[in-house]
Amino acid sequence: MVIIKERPHPKLEDKTEAIEELSCPECGSLDLINDMTRGEMICSNCGVVVTERIMDNGPEWRAFTNDEREKRSRVGAPTTYTVHDKGLSTMIDWHDKDIYGKKLPPNRRAQIYRLRKWQIRTRVHSSIARNLVIAMNELDRLSSQLGIPKSVKETSAVIYRRAIERRIIRGRSISAMVAAAIYASCRIRKVPRTLDEICSYTSIRRKELGRSYRLIVDNLNIHMPIASPIDYVSRFGEELELSGRVQQKVCELLEKAREYGLTAGKDPTGLAAACIYIIGIQEGERRTQREISKVAHVTEVTVRNRYKELVKKLKLKVEV
DNA sequence: AAGACGAAAGTGGTTGA
DNA sequence: TCAACAACTTTCGTCTT
């Protein structure tokens, strides 16, 4: 039996494709919504339909009756970037015969021959496969401990794959590169985790993680959105049980601080913390400096310094 | 007693010669 | 490679609520 399911050679693939297919061509936003019922992928930012007829690669689960079982027409497990061969495990066998056992016509045979050659060339029986198996296990473990969403995890996997293609994993610690990929994808997807948070779940040191991260960013020419304190507000806000209204005000204040040029070169977590403190007092949802510094992983002193500076420079009124 | 304040010394990372 | 530097941390004594 001959099954034609081409697996393109990694080198033939456009290197940037894997990332770009996850971002909107109009505005570059990465917040794409899969609409499986309509088969579209939509940018949640500008509403552009990014791809029509996307493949539903989720599992085709339930089948209660015989009829339904018949209808389960898709083959194989769902594909995902977090399995080392994306779950595509079809092989082309060596018979030059079709499914009825008939000999193939010569032109067809030549095609199959080419496909087979590529499949063998790209077959992941090599060190890359072993590397990916370990890496994806580590990715699983780390991302579940960090509690990051599945979409971010998939992005990490894409980044890691590209890092392998670029031959920058070799000779480096797998766990460090996985952690760096996670850090990068968290920043791309705007659900930032700090370097410290990530390395607290691994055995690698912060310095190592930072170096690996730089390596990834430099080599994969990912355009990295600058970390904004606003990205941290919702997370800190949740942990401090602040109302949505207050979180909104905090964002407004941060925006104002940015306009006045008070944010450059400052630790974004410290800034977010200071603004939460200020707005908390103004809006009657006061949190102590200690509480805030704890969730923001900065010291009270930093919260204090930032908040003093903001009050002075923006001439804010804060009741004591 | 808890929270806020600020001074002073120390730390790790960046920059520019 | 080294020193200067800015931002941040640690520590601690004092003041306020």
Side-chain angles (χ1 to χ4, degrees), chain A residues 168 172-173 175-184 186-188 192-233 235-243 246-247 249-251 253-320:
Chain A
I168 58 175
R172 287 174 229 278
S173 140
S175 58
M177 294 306 286
V178 167
I182 289 180
Y183 178 69
C186 281
R187 286 193 50 179
I188 290 174
R193 295 290 184 279
T194 60
L195 285 172
D196 288 313
E197 277 177 277
I198 290 179
C199 50
S200 70
Y201 291 103
T202 65
S203 55
I204 50 177
R205 280 187 304 276
R206 195 198 137 109
K207 198 175 171 182
E208 173 86 17
L209 177 56
R211 239 201 351 252
S212 305
Y213 165 69
R214 279 251 67 84
L215 201 71
I216 284 180
V217 172
D218 291 345
N219 280 280
L220 305 189
N221 53 27
I222 300 167
H223 73 101
M224 189 61 65
I226 316 142
S228 157
I230 292 173
D231 300 333
Y232 292 95
V233 170
R235 202 164 108 246
F236 296 163
E238 287 306 314
E239 285 191 55
L240 292 165
E241 294 174 359
L242 295 170
S243 67
V246 168
Q247 290 184 26
K249 291 236 175 197
V250 173
C251 292
L253 179 57
L254 283 168
E255 188 55 36
K256 195 172 162 196
R258 198 185 57 76
E259 280 168 28
Y260 280 70
L262 301 175
T263 55
K266 302 292 197 303
D267 178 6
T269 54
L271 272 165
C275 289
I276 287 174
Y277 182 68
I278 294 170
I279 299 294
I281 292 170
Q282 284 182 346
E283 299 294 319
E285 292 189 30
R286 185 173 189 142
R287 302 291 180 273
T288 64
Q289 292 179 357
R290 181 172 302 166
E291 284 174 312
I292 295 170
S293 62
K294 208 169 171 184
V295 302
H297 295 113
V298 293
T299 59
E300 296 167 60
V301 182
T302 303
V303 177
R304 211 144 55 217
N305 290 340
R306 287 289 76 75
Y307 125 80
K308 282 282 166 198
E309 187 183 72
L310 287 172
V311 167
K312 198 173 157 199
K313 297 268 177 65
L314 297 178
K315 301 193 170 56
L316 299 170
K317 287 199 178 62
V318 181
E319 333 273 300
V320 189

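All values below were derived from every heavy atom in this structure, side-chain atoms included, with hydrogens, water molecules and symmetry-related copies excluded. Each chain gets a letter, A, B and so on, in the order its sequence line appears, and its residues count up from 1.
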Between A:Glu238 and A:Arg235, is the closest basic N to carboxylate O distance under 4.0 Å? no
Whole-Å distance, A:Arg205 CZ to B:dG12 C1', equals 14 Å
Whole-Å distance, A:Leu271 CG to C:dA6 C1', equals 15 Å
Below 4.0 Å: OP1/OP2 of B:dA4 and any side-chain N or O of A:Tyr307: no
From CG of A:Asn305 across to P of B:dA9 the rounded distance in Å is 16 Å
| request: Under 4.0 Å between any heavy atoms, over every strand shown, what does A:Thr299 touch: base, sugar-phosphate, or nothing? Just pick one. | output: base
Between the protein and nucleotides 6-8 of chain B, list the N/O to N/O atom pairs that are separated by less than 3.5 angstrom.
residue : atom : partner  : partner atom : Å
B:dG6   : N7   : A:Arg304 : NH2          : 3.0
B:dG6   : O6   : A:Arg304 : NH2          : 3.1

| Sugar-phosphate only, base, or nothing, as touched by A:Gly265 at under 4.0 Å among non-hydrogen atoms | sugar-phosphate
Atom NZ of A:Lys312 and atom P of B:dC5 are separated, to the nearest Å, by 15 Å
- Message: Is A:Arg306 close enough to C:dC8 that one of its side-chain N or O atoms is under 4.0 Å from OP1 or OP2 there?
- Response: yes
Separation of B:dG12 atom P from A:Glu208 atom CD, nearest Å, is 17 Å
Can A:Tyr201 and A:Arg193 be counted as having a side-chain donor-acceptor contact under 3.5 angstrom?
no
- Item | Residues, nucleotides or ligands: over 12 heavy atoms within 6.0 Å of A:Lys294 NZ | no
With both pairing distances under 3.5 angstrom for Watson-Crick or G-U wobble, and | for a partner in another strand, the correct string for DNA chain C is |||||.|||||||||||
Taking C:dC8, C:dT10, B:dC5 as options, the one with an atom nearest any side-chain atom of A:Lys266 is C:dC8
A:Val246 and A:Glu285 have their tightest heavy-atom pair at CG2-OE2, 3.3 Å
Quick note, A:Arg206 side chain, CB onward, closest among B:dA4, B:dC5, B:dG13 is B:dG13
Does a side-chain N or O of A:Gln289 approach OP1 or OP2 of B:dC5 to a distance below 4.0 Å, or not?
yes
From CD of A:Glu309 across to C1' of B:dC5 the rounded distance in Å is 16 Å
ring-ring contact (aromatic ring centres under 6.0 Å, His included) pairs touching residues 254-309 of chain A, sequence neighbours excluded, are A:Tyr277-A:Tyr307
Mind checking if A:Arg211 touches a base, just sugar-phosphate, or nothing, with heavy atoms under 4.0 Å? nothing
Is A:Arg306 salt-bridged to A:Glu309, cutoff N-O under 4.0 Å?
yes
Minimal heavy-atom distance between A:Val303 and A:Ala274, with the atoms involved, is O-CB, 3.9 Å
CD1 of A:Ile182 to CD of A:Glu197, rounded to nearest 0.5 Å, is 12.5 Å
Short side-chain to backbone donor-acceptor contact, A:Glu300 and A:Ser293, under 3.5 Å
no
Rounded to whole Å, the CG-C1' distance (A:Leu310 to C:dA7) equals 15 Å
Is there a donor in the side chain of A:Asp196 and an acceptor in the side chain of A:Thr194, or the other way round, less than 3.5 Å apart?
-> no
